[in-house]
**Student:** 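Here it is, the structure in full.
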Amino acid sequence: MQVVETLGLQNQTVIKEFILLGFTHIQNIRIILLLVFLIIYIMTIAGNILIVLLVATDRHLHTPMYFFLGNLSCLESFYSSAILPRMLASFFSGDRSISINGCFVQHYFFAYLAAVECYLLSAMSYDRYVAICKPLHYVFVMNGKLCLLLAAGSWVTGFIASTITIILMSRLVFCGPNEIDHFFCDTYPIMQLSCSNTLLLRILILTFVSLFTLPPFTLTLLSYTFIISTIFKIPSTIGKQKAFSTCSSHLIVVTIYYGSITVAYALPDSNSLSNWNKVISAFYTILTPLINPLIYSLRNKEVKDSLQRSIVIRWVRNQVNGHINRLLQTNITRQLENVSRNK
């Protein structure tokens, strides 16, 4: 397989593809990893699509909180699909190579969806802030127009952030080596392989990432600061529990997502910590999209009730349809018998 091409005048090689090392230290259990990640992927897609369908079809869930949850579940399906299929193909075939263009496409969608998730989580935290801290104004503040603007703004802002990042990174030149010590095309592992001077690029990317991610993180942090302060002021224990239950699922998701990302990118670049970095990265790129629907379904009474209603309604509908079909068949049989008797 052609990996590099030589530039005669400069006596330099230009990389044409990368090798994703992934979890090379445990390649002897490749088939087991394939099965585990395949099950995770199927459960992730099924769980998130189920939530999207419930939110779209159950009128009881047509509220701002579940509107954002539907967007988040839709995003998690795409987020997981940006990374896991390529990893599964690598486990299945043993081929860990990926073209430079393919690597940049994967990185683009990863960065795009990660940025959108930050904004969606901040929109959800603002929704919980209004619900708990300003309950009398909730219906007027969190109206349909504002919800649409917040959701659309999240998707558009994520697009702008990832597009700027990928344009900056597309100017890099790769001369070798071509092995990325990761299981997907992340920003800094790619830049480490470039023979270009990446100092200015690192500063620019850090600046843009900070501009696009710090505002939603700050909004999320402030929202929960006011939420917790308001909950502590509630005199009754039952009132505190009820208020906390309305935001506990989202708080768990926010903590897991930001916590794992912070640890992953705060670890210093060293060979001894590379495996730990992969494990933590797998947590927020692979496990978080799986955990989110489980958290919202297991800890959320409205979602569980909606799921039960959908199952009951489907069962009742099948029973009614079966009963109608039996009645029709009985009537047809009787009519045929009457016709035969008249003859």
Side-chain angles (χ1 to χ4, degrees), residues 51 54-55 58-76 114-155 157-158 210-263 284 288-289 291-307:
I51 288 182
L54 289 175
V55 171
D58 192 338
R59 60 183 181 83
H60 296 89
L61 300 183
H62 291 175
T63 62
M65 183 176 72
Y66 293 108
F67 170 73
F68 293 124
L69 177 58
N71 275 266
L72 181 63
S73 295
C74 182
L75 178 144
E76 296 292 24
V116 174
E117 182 157 1
C118 290
Y119 281 89
L120 282 178
L121 290 176
S122 67
M124 295 174 75
S125 66
Y126 178 72
D127 171 73
R128 293 298 84 201
Y129 158 74
V130 178
I132 294 174
C133 300
K134 301 181 182 296
L136 298 178
H137 301 88
Y138 181 77
V139 176
F140 300 100
V141 175
M142 298 305 298
N143 54 66
K145 183 179 180 180
L146 179 62
C147 291
L148 286 173
L149 286 174
L150 289 174
S154 299
W155 291 96
T157 307
S210 299
L211 288 175
F212 281 102
T213 58
L214 283 180
F217 174 75
T218 303
L219 177 60
T220 303
L221 189 62
L222 287 175
S223 296
Y224 274 102
T225 300
F226 286 115
I227 288 172
I228 293 173
S229 175
T230 302
I231 290 176
F232 279 138
K233 293 177 182 178
I234 298 175
S236 67
T237 304
I238 296 176
K240 290 180 180 178
Q241 292 176 348
K242 185 177 180 180
F244 185 75
S245 65
T246 62
C247 63
S248 58
S249 297
H250 181 251
L251 182 58
I252 292 172
V253 170
V254 168
T255 304
I256 292 174
Y257 184 72
Y258 279 112
S260 56
I261 285 183
T262 301
V263 173
Y284 71 83
T288 300
I291 293 172
N292 284 358
L294 293 177
I295 290 174
Y296 281 108
S297 60
L298 295 177
R299 295 182 57 86
N300 195 299
K301 185 177 184 299
E302 287 84 359
V303 174
K304 288 189 289 186
D305 291 343
S306 176
L307 182 60

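Residue numbers run from 1 in the order of the sequence given.
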**Student:** So does Leu251 get a backbone contact from the side chain of Thr255, meaning a donor-acceptor N/O pair under 3.5 Å?
**Tutor:**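 The answer is yes, because a donor-acceptor pair under 3.5 Å joins these two groups.
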**Student:** If you define the side chain from C-beta out and look only at heavy atoms, does anything of Leu69 sit under 4.5 Å from Tyr66?
**Tutor:**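 Side chain of Leu69 against side chain of Tyr66, heavy atoms only: contact under 4.5 Å found.
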**Student:** Give, for atom CD1 of Ile231 and atom OH of Tyr224, the distance between the pair rounded to the nearest 0.5 Å.
**Tutor:**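 Atom-to-atom, Ile231:CD1 and Tyr224:OH are 9.0 Å apart.
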**Student:** Out of curiosity, Gln241 CD to Ile234 CD1, how far, rounded to the nearest 0.5 Å?
**Tutor:**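 Between Gln241 CD and Ile234 CD1, I get 10.5 Å after rounding to 0.5 Å.
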**Student:** Do Glu117 and Ile261 have side chains that approach each other closer than 4.5 Å (heavy atoms only, starting at C-beta)?
**Tutor:**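 When only atoms from C-beta onward are counted, Ile261 and Glu117 do not touch, as no gap falls below 4.5 Å.
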**Student:** Over 60° means perpendicular and under 30° means parallel, so tell me whether Tyr257 and Tyr284 are parallel, tilted or perpendicular.
**Tutor:**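 Because their plane-to-plane angle is over 60°, the rings of Tyr257 and Tyr284 count as perpendicular.
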**Student:** Do the side chains of Ser154 and Asn71 get nearer than 4.5 Å, heavy atoms only?
**Tutor:**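 Side chain of Asn71 against side chain of Ser154, heavy atoms only: no contact under 4.5 Å found.
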**Student:** Got Cys247 and Tyr129 here, is their nearest side-chain heavy-atom distance under 4.5 Å?
**Tutor:**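 No, too far: nothing below the 4.5 Å cut-off.
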**Student:** If you round to the nearest 0.5 Å, how far is CG of Leu121 from CG of Leu75?
**Tutor:**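 If I round to the nearest 0.5 Å, the distance is 9.0 Å.
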**Student:** Is any side-chain heavy atom of Ile256 closer than 4.5 Å to one of Ile295?
**Tutor:**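 Ile295 vs Ile256: side chains touch.
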**Student:** Would you check if Leu150 and Phe68 make a side-chain contact, meaning some heavy-atom pair closer than 4.5 Å?
**Tutor:**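 Touching, per the 4.5 Å side-chain cut-off.
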**Student:** Ignoring hydrogens, what is the shortest heavy-atom contact between Tyr138 and Arg128? Give both atom names and the distance.
**Tutor:**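 Closest heavy-atom pair between Tyr138 and Arg128: OH-NH2, 3.6 Å.
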**Student:** side-chain contact (heavy atoms from CB on, under 4.5 Å), that's the test. Do Leu219 and Tyr119 meet it? Break it down for me.
**Tutor:** CA-CA 9 Å; Leu219 177 60; Tyr119 281 89; over 6 Å; no
**Student:** Please confirm whether the backbone N or O of Phe140 pairs with a side-chain atom of Asn143, one donor and one acceptor, at under 3.5 Å?
**Tutor:**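 Checked: pair present.
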**Student:** Just how far is it from atom OG1 of Thr63 to atom CG of Leu61, taken to the nearest 0.5 Å?
**Tutor:**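 Answer for the OG1-CG pair, Thr63 versus Leu61, is 6.5 Å.
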**Student:** Closest heavy-atom contact between Met142 and Leu146?
**Tutor:**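 Scanning both residues completely, I find the closest heavy atoms to be SD-CD2, 4.0 Å.
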**Student:** Closest approach of Ala115 and Gly158, non-hydrogen atoms and distance?
**Tutor:**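 Smallest heavy-atom distance, with atoms named: CB-CA, 3.8 Å.
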**Student:** If you take all heavy atoms of Asn292 and Leu72, which pair is closest and at what distance?
**Tutor:**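 So the minimum-distance heavy-atom pair works out to ND2-CD2, 4.3 Å.
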**Student:** Assess whether atom NE2 of His137 is packed by more than 12 heavy atoms of other residues, nucleotides or ligands within 6.0 Å.
**Tutor:**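 Counting other residues, nucleotides and ligands, NE2 of His137 stays at 12 neighbours or fewer.
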**Student:** Could you grab the distance from atom CD1 of Ile228 to atom SG of Cys133, nearest 0.5 Å is fine?
**Tutor:**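 Rounded to the nearest 0.5 Å, the CD1-SG separation comes out at 10.0 Å.
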**Student:** First locate atom CZ of Phe232, then atom CD1 of Ile227, and finally report the distance between them rounded to the nearest 0.5 Å.
**Tutor:**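 If we round to the nearest 0.5 Å, Phe232:CZ and Ile227:CD1 are 12.5 Å apart.
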**Student:** For a quick test of reading the model, state the closest non-hydrogen atom pair linking Ser122 to Pro216 and the distance between them.
**Tutor:**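 So the minimum-distance heavy-atom pair works out to CB-O, 3.3 Å.
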